[in-house]
Undergrad: 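Take this structure first; my questions come after.
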Amino acid sequence: MTNIVGRVREAFRGDQRVDPDALLARLDAVRRFLAAVDGLLPDGDLVPAHTVVERAGTRLALSRDHTVVALAGATGSGKSSLFNALARLELSPVGVRRPTTGVTHACVWGPLEGATRLLDWIGVLPRHRFVRESALDADDETALHGLILLDLPDFDSVQRSHRLEVDRLLGLVDQVVWVVDPQKYADRVIHDSYLREFHRHRDVTLVVLNQADRLPPAELPRVLDDLRRLLDADGLGDVPLLATTAIDPAGMVGLRSALERTVAERQAALRRLAGDVDAVVAGLDELVGSARPAGGPDDGAVAALNRALAGAAGVPTVADAAERAYRHRAGTVTGWPLVRGWRRLRPDPLRRLHLPGPTGDRDDPAESLVAATSVPDPTVAQRSALGLAIRAVADRAAAGLPAAWPAAVTTAARSRLGDLPDALDRAVAGTDLGLDRRPVWWRLVGAVQWLVTVAAVVGLGWLVLGYALRALGLPALDNPMVGEVPLPTVLLLGGLLAGLLVAALTRPVVRWAARRVRRRAEQRLTVAVAAVGGDYVLAPVRVVLASYAQARDALRDAARR
Ligand SMILES: Nc1nc2c(ncn2[C@@H]2O[C@H](COP(=O)(O)OP(=O)(O)OP(=O)(O)O)[C@@H](O)[C@H]2O)c(=O)[nH]1
Ligand SMILES: [Mg+2]
């Protein structure tokens, strides 16, 4: 399984330019990802992605000509002093009482108008916004045109509101200048809570060791080396590290030219957002991974599901009834005519289940609308077998997917469980069991039975008439002879024997045909029931698997720098 984060890291280059269109495409991929997983993954895990999409959309829609740079650091490190030194004006009060700066101050190089909406979004109060554009020194400052410098409160503040303000702004600004001083540069708070967290934004990160003048010149390289080592451990090995002295213009040259480069490149906003997308992708990687799901559950699990559905739908019961109905109906047509009527009085096995009777209709025409059969409800065992089969389908379909997905697949597989009984009932009721038409051979046999019965009745009548005439002393009938036996006797006995013989010969044929009917009914019902399983169990599962594939592809696109 290739790790997306790994690929992001590989693709990462500190000085790589970020193409705005490529960034927009990545953001679009994050949006597609969010759409694909909507309702499938826990909302809480998706907050950072939603935030980045929303924030990036707004930032890119606002001024791209401005670069928002924040001075962040511990109290007393000299943020406000650097801010004032860069502005060459005393804009943000510098004090001895700590913390001094409680609200963010902003200085805009160039006209304020273009920056106003950006500052509104960032949330700097109008009375703390300053403009650095003086006719006197306009030329000196042109290199910084487009810069919006923010002097942040202290992030290690005793004031909780300061920390919250800093955390909020660090999520919005384009570039951060971390200000440390010789005393506190190794503080754990700055490294553990802030710098380390910023490792994905190292191409918009700059670290300055301020108050360099407080160190003996020989000490400075040693402190810088030590700081560099700490930055390496924070994952910020390649970020620029400068020494500054806020109280001496000469000590500001390095920082000023670094900011001039940043402003000239106009890349900071794009790089920051690209870093945000990297962070989001890395956070989502575990949720989605890169497993390629099967197109659906395997054949074995589907076959087991279909068997369980057939059991729950009463397919064996209906197939059995179809076999008995065939025998019953054949009997009413091919049986000995004198007992047919009695047979007809017995209920048709299929009609007892409220399935189509001999004429293909139902007892009550209204029933066909609701298609409710009287097939017995599934037993507890059948229900639990169905539950297990659905679970197995979900498990097999979700095999190999990252943790959050199997639950989503199982939920999808069970999502229409409540509708399943009615759907199965409708499927059974709507299946043509192949019993609508009476086979021609039934009628032929029925006609033969009538013929031989009529012969027997004629023979009987003839004999009775002969006896009656003889009893009354009237002249006897002249019975024609068939060999040695009188014709009426031949008709009576022959008719009866022939009837029995036809019945005896027909019975095994009917049994054989009834078994075929049963098998055919079983096949057709199984197909109908499997279609219900496809619609009500497999289709929702496939939707989740398709969403997974879309999410995975979208995340892969979002990871592409
Ligand atoms: N010697 C020397 N002192 C400095 C330097 N930078 C700042 N200071 C002093 O350090 C103290 C704190 O400076 P600030 O600029 O208020 O520090 P801050 O980071 O803004 O502090 P908070 O607003 O409380 O977060 C002040 O007394 C400054 O004069 C520097 O480069 N060299
Ligand atoms: Mg300050």
Side-chain angles (χ1 to χ4, degrees), residues 68-108 119 122-125 127-130 132 147-170 172-173 175-191 193-195 198 205-224 226-227 240-259:
V68 185
V69 178
L71 296 166
T75 186
S77 56
K79 300 179 292 298
S80 301
S81 304
L82 288 173
F83 180 81
N84 292 339
L86 286 165
R88 300 189 217 268
L89 292 169
E90 292 298 311
L91 301 177
S92 185
V94 171
V96 278
R97 268 192 59 218
R98 302 264 74 87
T100 306
T101 312
V103 279
T104 303
H105 288 61
C107 183
V108 181
L119 285 167
I122 290 170
V124 178
L125 295 175
R127 68 171 179 280
H128 295 128
R129 299 175 189 176
F130 305 97
R132 188 67 188 84
L147 172 66
I148 299 178
L149 190 65
L150 304 183
D151 177 21
L152 266 46
D154 50 327
F155 59 52
D156 58 346
S157 193
V158 286
Q159 303 278 346
R160 194 161 168 268
S161 61
H162 290 195
R163 293 200 303 273
L164 292 176
E165 171 77 344
V166 172
D167 290 346
R168 186 182 72 77
L169 283 162
L170 287 177
L172 300 178
V173 299
Q175 169 140 3
V176 182
V177 176
W178 299 94
V179 183
V180 296
D181 61 57
Q183 274 102 53
K184 292 206 280 182
Y185 73 88
D187 246 26
R188 280 193 47 200
V189 179
I190 182 169
H191 290 280
S193 307
Y194 287 93
L195 287 171
F198 244 69
T205 296
L206 206 142
V207 180
V208 298
L209 177 71
N210 189 37
Q211 306 184 18
D213 59 303
R214 290 192 195 261
L215 285 169
E219 274 288 281
L220 183 62
R222 193 193 60 74
V223 174
L224 284 174
D226 196 32
L227 179 52
L241 170 61
L242 305 168
T244 55
T245 302
I247 54 168
D248 175 9
M252 295 297 294
V253 174
L255 177 57
R256 181 174 280 270
S257 40
L259 291 176

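In listed order, ligands and their atoms are each counted from 1.
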Undergrad: At a 4.0 Å threshold, what atoms of ligand 1 neighbour a non-hydrogen atom of Asp213?
TA: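 Under 4.0 Å from Asp213, ligand 1 has these atoms: 1 (N), 2 (C), 30 (C), 31 (O), 32 (N).
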Undergrad: Can a salt bridge be assigned to the pair Arg214 and Asp181 using a cut-off of 4.0 Å between side-chain N and carboxylate O?
TA: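 Salt bridge between Arg214 and Asp181, a charged N being under 4.0 Å from a carboxylate O: no.
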Undergrad: Under the side chain to side chain donor-acceptor pair (under 3.5 Å) rule, collect the residues that match up with Arg160, sequence neighbours excluded.
TA: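 Expected list: none.
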Undergrad: Below 2.8 Å, can you find an N, O or S atom of Thr101 next to the Mg ion (ligand 2)?
TA: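 For Thr101, the answer is yes, given that an N, O or S atom comes within less than 2.8 Å of the Mg ion (ligand 2).
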Undergrad: Does the shortest distance from the Mg ion (ligand 2) to an N/O/S atom of Ser80 fall below 2.8 Å?
TA: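 Yes, within the cut-off.
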Undergrad: For atom 17 (O) of ligand 1, which of Ser81, Ala85, Gly78 has the closest heavy atom?
TA: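 The residue whose heavy atom sits nearest atom 17 (O) of ligand 1 is Gly78.
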Undergrad: Please confirm whether the backbone N or O of Cys107 pairs with a side-chain atom of Arg132, one donor and one acceptor, at under 3.5 Å?
TA: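 A pair under 3.5 Å: no.
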Undergrad: With nothing but distance in play, are any N or O atoms of Gly76 less than 3.5 Å from an N or O of ligand 1?
TA: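 Between Gly76 and ligand 1 (N or O atoms, distance only) the closest approach is under 3.5 Å.
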Undergrad: Closer than 4.0 Å to some heavy atom of Ala246 - which atoms of ligand 1 meet that?
TA: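 Ligand 1 atoms under the 4.0 Å threshold to Ala246: 6 (N), 30 (C), 31 (O).
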Undergrad: For Ala258 versus Leu242, what's the shortest heavy-atom pair and its separation?
TA: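 For Ala258 and Leu242, the tightest heavy-atom pair comes out as CB-CD1, 4.2 Å.
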Undergrad: Quiz question: by atom type and distance under 3.5 Å, do the side chains of Asp167 and Tyr194 form a donor-acceptor pair?
TA: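 Result is yes, a qualifying pair exists.
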Undergrad: Show me which atoms of ligand 1 lie under 4.0 Å from any heavy atom of Asn210.
TA: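 Near Asn210, meaning under 4.0 Å from one of its heavy atoms, ligand 1 has 5 (C), 6 (N), 31 (O).
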Undergrad: List for me each residue that meets ring pair (Phe, Tyr, Trp, His ring centres under 6.0 Å) alongside His128, sequence neighbours excluded, and say none if there are none.
TA: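 Only His105 meet the ring pair (Phe, Tyr, Trp, His ring centres under 6.0 Å) criterion with His128.
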Undergrad: What atoms of ligand 1 come within less than 4.0 Å of a heavy atom belonging to Thr100?
TA: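 Going through ligand 1 atom by atom, the ones under 4.0 Å from Thr100 are 22 (P), 23 (O), 24 (O).
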